[in-house]
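Structure first, commentary second.
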Amino acid sequence: MTTSDAPGPVGTPDAIAGRPLRRVVIVDDHELLRAGTRRILEDADGFSVVGEAEDGEAAIAVVNRLLPDVVLMDIRLPSMNGLEAARRIVADHPGITVLILSAYDDEDYVRAALAAGVSGFLLKTTPSAELIQAISSACGGTTVLDRSVSARLLGGAPAAPDHTSTLTAREREVVRLAARGLANKAIGQRLGISPRTVEGHLNHVFEKLGTTSRTELVHFALTSGLLVNDDTAPEDALP
């Protein structure tokens, strides 16, 4: 079962504020959780919940019809789990920001979600303000991880394989900071270089590693061990 409003173009203008709204689809098999998340988003500036779905197959159908800007996806869903639904949505609509919003912080779930190409993994216990900040950051191209999820992944990351040796010391620094959720400007300020130089380093890293996005880069950093013993301050991570 799904509920949704009429379809509209991505970034539908807000007639009152004169600025684009981020159109959101919420996917969860619990009606109360959908209602609560809807309330959080609609109480915040810049979001409009245009659709809901309670299972993976229905989520794909709603997203195909409405083409939202953001999809908030639970993992444990009837008919098709959220990871598979997210993978298909990301593959079919690379311009849509897909975030996992789950009650479970299992490492296998997180790694599978990042491998599927989602833009972040958040827990349902995330405070409202942090949820809004995380969604906004993800829409801006940053991969967001709940702090507790990030800490668990970093604690269990394997040792770095040999192919990480292709990265220079500066490129490793940029990867570590990008994986922590910092934008190019913040990375530049941290390292004393310009945002354009940061972008150049990231482009070189993408070419060397065969990655095409920050999401893939975060997944690589976590699975390769690049973040093991990283001294980046935890408070720099988003959310």
Side-chain angles (χ1 to χ4, degrees), residues 1-8 10-12 14 16-17 21-90 93 96-114 116-139 143-152 238-239:
M1 180 185 71
T2 64
T3 60
S4 59
D5 298 333
V10 173
T12 302
D14 180 352
I16 298 177
L21 288 172
R22 291 190 174 106
R23 303 170 66 252
V24 183
V25 166
I26 300 171
V27 185
D28 198 294
D29 59 339
H30 292 94
E31 183 177 359
L32 287 178
L33 288 174
R34 294 200 307 272
T37 304
R38 173 187 282 270
R39 189 174 303 112
I40 290 170
L41 293 173
E42 294 189 338
D43 284 345
D45 292 332
F47 295 94
S48 175
V49 178
V50 297
E52 298 180 6
E54 64 178 19
D55 62 63
E57 290 183 354
I60 291 174
V62 170
V63 169
N64 286 343
R65 182 160 63 86
L66 297 180
L67 297 179
D69 301 290
V70 180
V71 178
L72 297 181
M73 180 81 70
D74 192 11
I75 289 181
R76 295 191 175 182
L77 298 170
S79 78
M80 177 190 297
N81 69 64
L83 293 176
E84 177 61 19
R87 186 190 66 78
R88 295 191 187 187
I89 291 170
V90 169
H93 307 287
I96 294 178
T97 298
V98 181
L99 293 167
I100 297 296
L101 186 59
S102 174
Y104 304 96
D105 61 353
D106 182 89
E107 291 180 29
D108 290 338
Y109 280 160
V110 180
R111 295 183 191 280
L114 291 173
V118 304
S119 297
F121 195 107
L122 304 171
L123 299 182
K124 292 180 179 179
T125 54
T126 302
S128 301
E130 290 187 8
L131 176 63
I132 296 300
Q133 178 189 358
I135 296 172
S136 298
S137 296
C139 288
T143 300
V144 294
L145 295 175
D146 182 273
R147 282 186 177 135
S148 65
V149 168
S150 179
R152 290 189 62 184
L238 286 173

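Basis for what follows: all heavy atoms, side chains included, without hydrogens, waters or symmetry-related copies. We're numbering straight along the sequence, starting at 1.
When all heavy atoms of Ser137 and Val144 are compared, the pair lying nearest together is CB-CG1, 3.9 Å. The shortest non-hydrogen separation linking Met73 to Ala86 is CE-N, 4.0 Å. When all heavy atoms of Ala44 and Ile132 are compared, the closest pair comes out as CB-CD1, 3.7 Å. The minimum heavy-atom distance linking Ala53 with Ala58 is given by the pair CB-C, 3.8 Å. Smallest separation of non-hydrogen atoms from Ala138 and Thr97: CB-CG2, 3.8 Å. Taking every heavy atom of both residues into account, Leu66 and Gly51 meet most closely at CD1-CA, 4.0 Å.
Here Arg87 pairs with Glu84 in a salt bridge; the nearest charged N to carboxylate O distance falls below 4.0 Å.
For the side chain to side chain contact (heavy atoms under 4.5 Å, CB included) with Ile135, the lone residue among Leu101, Leu41, Asp69 that qualifies is Leu41.
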For Glu54 and Arg34, what are the C-alpha separation, side-chain angles and deciding distance, and is it a side-chain contact (heavy atoms from CB on, under 4.5 Å)?
CA-CA 9 Å; Glu54 64 178 19; Arg34 294 200 307 272; 3.5 Å; yes
Check step by step if side-chain contact (heavy atoms from CB on, under 4.5 Å) holds for Asp28 and Thr37.
CA-CA 10 Å; Asp28 198 294; Thr37 304; over 6 Å; no
Begin from the C-alpha positions of Thr143 and Val118 and carry the test side-chain contact (heavy atoms from CB on, under 4.5 Å) through to its verdict.
CA-CA 8 Å; Thr143 300; Val118 304; over 6 Å; no
Could you give me the CA-CA distance, side-chain angles and deciding distance for Ile40 and Phe47, then say whether side-chain contact (heavy atoms from CB on, under 4.5 Å) is met?
CA-CA 10 Å; Ile40 290 170; Phe47 295 94; over 6 Å; no
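Qualifying side-chain contact (heavy atoms from CB on, under 4.5 Å) partners for Leu83, counting only residues two or more places apart in sequence or in other chains: Ile75, Asn81, Ile100, Tyr109, Ala112, Ala113. With sequence neighbours left out, the side-chain hydrogen bond (donor to acceptor under 3.5 Å, both in side chains) criterion links Glu42 to Arg38. Evaluation of the side-chain hydrogen bond (donor to acceptor under 3.5 Å, both in side chains) rule for Thr125 yields no partner, not counting sequence neighbours.
Looking at heavy atoms from C-beta onward, Leu72 lies in side-chain contact with Leu99 at the 4.5 angstrom threshold. Looking at heavy atoms from C-beta onward, Asp74 lies in side-chain contact with Lys124 at the 4.5 angstrom threshold. No side-chain heavy atom of Ser48 sits less than 4.5 Å from a side-chain heavy atom of Val24.
A donor-acceptor contact shorter than 3.5 Å is absent between the side chain of Asp55 and the backbone of Leu77.
Between Thr126 atom OG1 and Gln133 atom CD the span is 11.0 Å, to the nearest 0.5 Å. Rounded to the nearest 0.5 Å, atoms CZ (Phe121) and CZ (Arg111) are 12.0 Å apart.
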